[in-house]
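A quick write-up on the structure given underneath.
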Amino acid sequence: PSCISLYTDTFENKEKIAAQIREYNQSVPEEDQISYTDYVALMISSVTTIINVITYVLIAFVAVSLLVSSIMIGIITYISVLERTKEIGILRAVGASRKDVRRVFTSEALIIGLAAGILGVLISGFLTIPINSIIHSLSGDQGINATLPLQGALILVAISAVLSLIAGWLPARIAAKKNPVEALRSE
C-alpha cells in the first residue's frame, strides 16, 4: 500500500500512534521509514497562527489607542494649567511650594486615568454579557465564554493610571515652575 489512514477517538491515542511511528523510524534505515501527516496538528497549527496574527493586530491597535489617550490626557492637563494660572499664583502666594502645585496637577491626571480605566473595565465587563450570548447562539456550546479576569482588570486599571501619571507629569512641571507674581497678574 502507498497510503494508510489511521483514525483515533482521543488525542491521547493519536499521540501514542505518533510515538510508535517515531520509535519505528528510529530503528529502520531511512528508505524504510514511515512518513506521516497529522492533519489535526496541521489544522491546530494554522488556527494558532491565525489567532496569533489577530492578537498582534489587536495589540497594535491597543498600543496606538494608549498612545493617543496619553497624549490627550497630557493636553487636558496642560489646558487645565493654562486655565488655572491665577489659581496657581494664589496657591504659591499663600505658601504652597512648587512640589505642592505639581502634586495638584499630577493627582488630577491620576484621577482622570483611574476614572478612565475603571470605566473601560466596567464597560468591557458589561459587554461580555451580550458577547457571550452571541457566542453561545453561534457555536451552540454553553461552555465557551468570554471573560474579563479580575487580575487582568486590575492590571488594566493600573496601566491606565500609570500612563496618565506619565502624561500629566510635564504639564504639572510647567505649572510648578510658574512665577507666582506673573501668575497672579494673568487674566
Side-chain angles (χ1 to χ4, degrees), residues 47-139 141-187:
V47 169
T48 302
T49 302
I50 291 169
I51 288 173
N52 286 340
V53 168
I54 291 170
T55 301
Y56 293 139
V57 168
L58 290 175
I59 288 171
F61 282 133
V62 168
V64 169
S65 172
L66 287 174
L67 179 66
V68 169
S69 67
S70 295
I71 291 170
M72 291 307 295
I73 289 173
I75 290 170
I76 289 170
T77 307
Y78 182 69
I79 290 172
S80 177
V81 168
L82 293 177
E83 293 292 323
R84 295 164 54 190
T85 304
K86 196 163 198 146
E87 178 185 331
I88 294 168
I90 292 170
L91 284 172
R92 291 293 309 262
V94 296
S97 68
R98 289 182 179 197
K99 187 182 269 187
D100 294 331
V101 173
R102 190 171 44 239
R103 283 183 188 149
V104 167
F105 290 99
T106 305
S107 63
E108 184 178 296
L110 176 67
I111 290 169
I112 291 171
L114 278 174
I118 291 170
L119 187 64
V121 165
L122 288 176
I123 290 172
S124 297
F126 285 125
L127 284 177
T128 58
I129 297 168
I131 289 171
N132 281 332
S133 65
I134 292 170
I135 290 172
H136 295 158
S137 67
L138 291 176
S139 69
D141 186 2
Q142 297 295 322
I144 300 173
N145 289 310
T147 61
L148 179 62
L150 180 63
Q151 182 181 8
L154 294 175
I155 289 171
L156 290 172
V157 171
I159 289 171
S160 174
V162 168
L163 285 176
S164 64
L165 270 176
I166 292 169
W169 178 79
L170 185 61
R173 190 167 181 238
I174 291 170
K177 287 189 173 189
K178 287 199 177 282
N179 186 343
V181 175
E182 291 175 14
L184 282 171
R185 286 189 201 158
S186 70
E187 287 296 322

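Numbering starts at 1 and runs along the sequence shown.
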Drop me the distance from Ser164's OG to Leu114's CG, to the nearest 0.5 angstrom. 6.5 Å

Closest approach of Ser139 to Ile144 (non-hydrogen atoms, all atoms of both residues): OG-CD1, 4.1 Å

Is a side-chain donor or acceptor of Ser160 paired with a backbone partner of Leu156 at a separation under 3.5 angstrom? no

Using distance alone, with no hydrogens and no angle criterion, decide if Arg84 and Ser80 have a side-chain donor and acceptor under 3.5 Å apart. yes

Are Lys178 and Val101 close enough that some pair of their side-chain heavy atoms sits under 4.5 Å apart? no

Would you say the side-chain atoms of Thr85 pair up with the backbone N or O of Ala183, donor to acceptor, closer than 3.5 Å? no

If I compare all heavy atoms of Ile131 with all of Ala146, which pair ends up nearest, and what's the gap? CG2-CB, 4.0 Å

Within the 3.5 Å criterion, strictly below it, is a donor on Thr55 or Asn52 matched to an acceptor on the partner's side chain? no

State the CG-CZ distance between Leu66 and Phe61, to the nearest 0.5 angstrom. 13.5 Å

Nearest atoms (heavy-atom pairs only) where Pro180 meets Arg92: CB-CB, 3.5 Å

Looking at Leu163, Ile112, Ile166, Leu165, which hits side chain to side chain contact (heavy atoms under 4.5 Å, CB included) with Ile73? Ile112

From Thr128 atom OG1 to Leu148 atom CG, the distance as rounded to the nearest 0.5 Å: 7.5 Å

Between Ser133 and Pro130 the two heavy atoms that sit nearest each other are OG-O, 2.7 Å

Got a second to check how far Thr106's OG1 is from Ile111's CD1, nearest 0.5 Å? 11.0 Å

So, for Ser70 and Ala167, which heavy atoms are closest and what is the spacing to 0.1 Å? O-CB, 3.0 Å

Gln142, CD: over 12 other non-hydrogen atoms inside 6.0 angstrom: yes

Examine distances only and state if a side-chain atom of Asn145 and a backbone atom of Thr147 form a donor-acceptor pair shorter than 3.5 Å. no

What is the distance from atom CD1 of Ile59 to atom CD1 of Ile54, rounded to the nearest 0.5 Å? 12.0 Å

Ignoring hydrogens and geometry, is there a side-chain-to-backbone donor-acceptor pair from Ser107 to Arg103 under 3.5 Å? yes

Is the shortest heavy-atom distance from the side chain of Phe105 to the side chain of Ile88 under 4.5 Å? yes

Quick check for you: to the nearest 0.5 Å, what is the distance between Arg173 atom CZ and Thr77 atom OG1? 15.5 Å

Heavy-atom nearest pair, Arg98 first then Ala176, reads CG-O, 3.1 Å

